[in-house]
Amino acid sequence: MFLLEDGNLNKEQICSILNEDSILLIACPGSGKTRTLSYKIAYELSRLNTNKEFIIAITYTNIAADEIKERVELLGVNTTQLWIGTIHSFCMEWILKPYHLYSERLKNGFKVCNSYDSEEILKTLCKNYTNPKVTIYDFQYYATVNGTFEFTSKNNNQNNHIQSILEEYFLILEQNDLLDFEQILFYSYEIIRSKPIVCNILSKLFPYILIDEYQDTKEVQYRIIASILKENNGNSKTLIVGDPNQSIYQSLGGHPKSKKELEGLLGFRLTQLSLEKNYRSSKAIINYFQYFRTFDSEIIAKGENKDYESDITFNNSVHLDDLISEIAKLILYNVHEVGIDPKEICIAAPQWIHIASITRRLMVELPDFSFNGPGMAPFSRDIDNIWFKVARIVLTEPSPKMYIRRLRWSSEVLSEFEAAGIDISEISNKTLLRICNSIDIDETDGISYLQIFFDTICQKINIDIKNFPLLKEHHDSFFESSEKRIKRLIDEGNPYIGDIDNFKKVFRQKDGITVSTIHGVKGEEYDTVIGFALLDDYVPHFNDDKGHENSKKLLYVLASRARKNLHIISEKFRGVHKYYAPEGKQPTPLLLEYEYNYIDII
């Protein structure tokens, strides 16, 4: 039996771990949720009665899955019977791969369309539709439980185009035996709904299912997991954890169900518990972001920063033309005056469009600092591409800290090779890792470096990728998309983006100041957070029919990332475009309503 270590957990965390009921756990920001999940998984693994059972953990991102699994491994628990990953990965592994014969559409086999190829198909189709114009950025949709797809656009004319494009797109995928990201959920739900035997089989395999970030779960995802749990008449238990105050993916179908709604889906009772102690932020930061709560939950400052005298500022007078200078001043103040490590600073905005160029402009303004921003990676983080998985190993330095993670990545690569038809019986994950570590290439161009590295790996393990169509297809896609991405970045003023040093930065942890969207930094934490473009029609979005509530959640997420300092900016003269609204947007209404005593530091 796995034993909890004294002093590592508080009373509420221990209660959540040892409780034998099915649990709905409301966890406030900075409450040690990931630690609690890791210990709960370790505890449940130690309670398994047979080697035919698995503990399942559903995470929102692959990064979160990696972190939690690594923590469990560091607790000294055998993770052979742990499966952890996103709901899409779960559906592929446990439903579509073993049971696709039950689907008329999939019975003759299928492949997952990688994100690059999917975007290329959609871009081509979008060109045929104008008035109103539809671009790849407008093309967001998600699967529903009634067998249709819901669009995020509120423009009816645009939706008519999207419907037509989607029909053409799905036809192309079907003709080529391909599935895209959302279709993975669509067909998984179709299979378990039409073939209850699948749920019956899976329910006997999974005595415990954990669901992280439940507030961002879509209806079809709820139904898939609930169908499996319900089939075992409550004998399979669950831990559902998250924070309803951080439900910021409603435009993509994510929403937090109430305890009563969840019990109705599951067919059994849940015990509701909470983690209320925040070990991250100062009292001042916590008092600030509690104003934006939409779900009534207590938050208590308990960490080492609780008495820190935080700087909380709000600037709604800076001109858009002076925004970069203002952000630079805040960075310099925090680094030189306060002593914040640049790696512990985050700059965030509501939408990708607001930060598309800001990283490059800050690099010019502050040449002595390093920045990690969107679109700066020289290749796509396509987790489904086999060669992306190889690249993770190739581009990370051998070190004791990274050993367990790189060993796990090696196992994933070997599994992909085996699925592609390669005999890997003579190759262990340690062998593959040793091969990668032994290769030394004198090449500064990133693309050339990876091409040579991949060729060398294939030679050492006797693989000719031309004989394996899936490997060849993924290889071509990886390099075609990377070359196009690098060309675009160079055209935008990043001449050195293709260097191998920039390739290696993709997998370095927190190397430099982070620039991202509010959605992108959810789940992370920094000493200082700088938020900008906090303007009406962005927060809330002009298409959002629940704007007041959802803008609260965005501001809650943004502010709760901060440990020590928080800087809010609603710049003037940012318009929809240059010939419309010349005076620009007004600050987010909630910020104007909030009578907070901000300080002035610059």
Side-chain angles (χ1 to χ4, degrees), residues 63 285 305 308 310-313 315 318-379 381 395-397 444 446 485-486 488-534 558-559 561-569 571 601-602:
I63 293 173
I285 295 289
N305 297 316
Y308 185 87
S310 295
D311 294 329
I312 302 178
T313 68
N315 187 334
V318 64
H319 194 289
L320 177 62
D321 293 343
D322 299 320
L323 177 63
I324 297 300
S325 176
E326 179 66 19
I327 293 175
K329 288 178 184 177
L330 289 169
I331 291 171
L332 292 173
Y333 168 79
N334 277 274
V335 173
H336 297 315
E337 300 295 325
V338 183
I340 302 294
D341 188 324
K343 292 186 293 185
E344 294 300 336
I345 297 176
C346 170
I347 303 165
Q351 299 175 14
W352 288 111
I353 193 172
H354 300 139
I355 54 177
S357 65
I358 197 169
T359 305
R360 294 185 291 277
R361 294 173 64 192
L362 283 169
M363 289 169 68
V364 173
E365 185 82 10
L366 298 172
D368 294 332
F369 289 83
S370 177
F371 293 88
N372 295 321
M376 297 302 291
F379 54 87
R381 298 177 66 99
L395 297 173
T396 49
E397 300 292 335
T444 59
R485 191 179 186 89
I486 290 170
R488 178 176 59 79
L489 289 168
I490 290 174
D491 291 344
E492 291 175 353
N494 296 274
Y496 305 111
I497 196 69
D499 292 356
I500 187 59
D501 286 343
N502 283 307
F503 275 57
K504 290 181 177 180
K505 282 182 179 180
V506 174
F507 299 107
R508 287 182 191 156
Q509 295 179 319
K510 283 194 174 182
D511 180 26
I513 296 169
T514 296
V515 185
S516 187
T517 61
I518 299 172
H519 291 79
V521 297
K522 184 170 174 287
E524 299 183 8
E525 56 184 79
Y526 303 86
D527 281 347
T528 295
V529 171
I530 302 170
F532 72 96
L534 300 173
L558 174 70
R561 300 310 94 202
R563 298 188 192 103
K564 297 179 178 180
N565 298 327
L566 175 66
H567 306 291
I568 301 294
I569 302 173
E571 60 272 23
I601 60 171
I602 297 178

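Just so it is clear, the values below take in all heavy atoms, side chains as well, and ignore hydrogens, waters and symmetry mates.
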Give me the atom names and distance for the closest heavy-atom approach of [X] to [Y].
X	Y	result
Gly498	Phe503	O-CE1, 3.5 Å
Thr517	Pro350	CB-O, 4.4 Å
Glu365	Ala328	CG-CB, 3.7 Å
His354	Ala349	CB-CB, 3.8 Å

Next item on the list: Could you walk me through whether Ile518 and Lys522 pass the side-chain contact (heavy atoms from CB on, under 4.5 Å) test, one step at a time?
Entry: CA-CA 6 Å; Ile518 299 172; Lys522 184 170 174 287; over 6 Å; no
Side-chain ([X]) to main-chain ([Y]) donor-acceptor, under 3.5 angstrom:
X	Y	value
Ser310	Lys564	yes
Asp311	Asn565	no
Asp341	Lys343	yes
Glu571	Ala533	yes
Asn305	Tyr308	no

Can you confirm whether [X] sits close enough to [Y] that some side-chain heavy atom of one is under 4.5 Å from a side-chain heavy atom of the other?
X	Y	value
Ile345	Phe369	no
Leu330	Ile601	yes
Ile355	Phe532	yes
Ile530	Ile331	yes
Ile513	Leu366	no
Val338	Thr528	no

Next item on the list: Please determine if Glu344 and Arg563 form a salt bridge, counting it only when a charged side-chain N lies under 4.0 Å from a carboxylate O.
Entry: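 Salt bridge present between Glu344 and Arg563.
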Distance, nearest 0.5 Å, that separates [atom1] of [X] from [atom2] of [Y]:
X	Y	atom1	atom2	result
Asp499	Thr444	CG	OG1	6.0 Å
Glu326	His567	CD	NE2	9.5 Å
Thr359	Ile347	OG1	CD1	7.5 Å

Item checked: CG/Leu332: more than 12 non-hydrogen atoms of other groups inside 6.0 Å ->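 More than 12 within 6.0 Å, yes.
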Checklist line | side-chain contact (heavy atoms from CB on, under 4.5 Å) between Leu534 and Ile569, intermediate numbers included | finding: CA-CA 6 Å; Leu534 300 173; Ile569 302 173; over 6 Å; no
Next item on the list: Given side-chain contact (heavy atoms from CB on, under 4.5 Å), test Ile324 with Val364 step by step and report yes or no.
Entry: CA-CA 10 Å; Ile324 297 300; Val364 173; over 6 Å; no
Item checked: Full working for side-chain contact (heavy atoms from CB on, under 4.5 Å) between Val529 and Val521 -> CA-CA 10 Å; Val529 171; Val521 297; over 6 Å; no
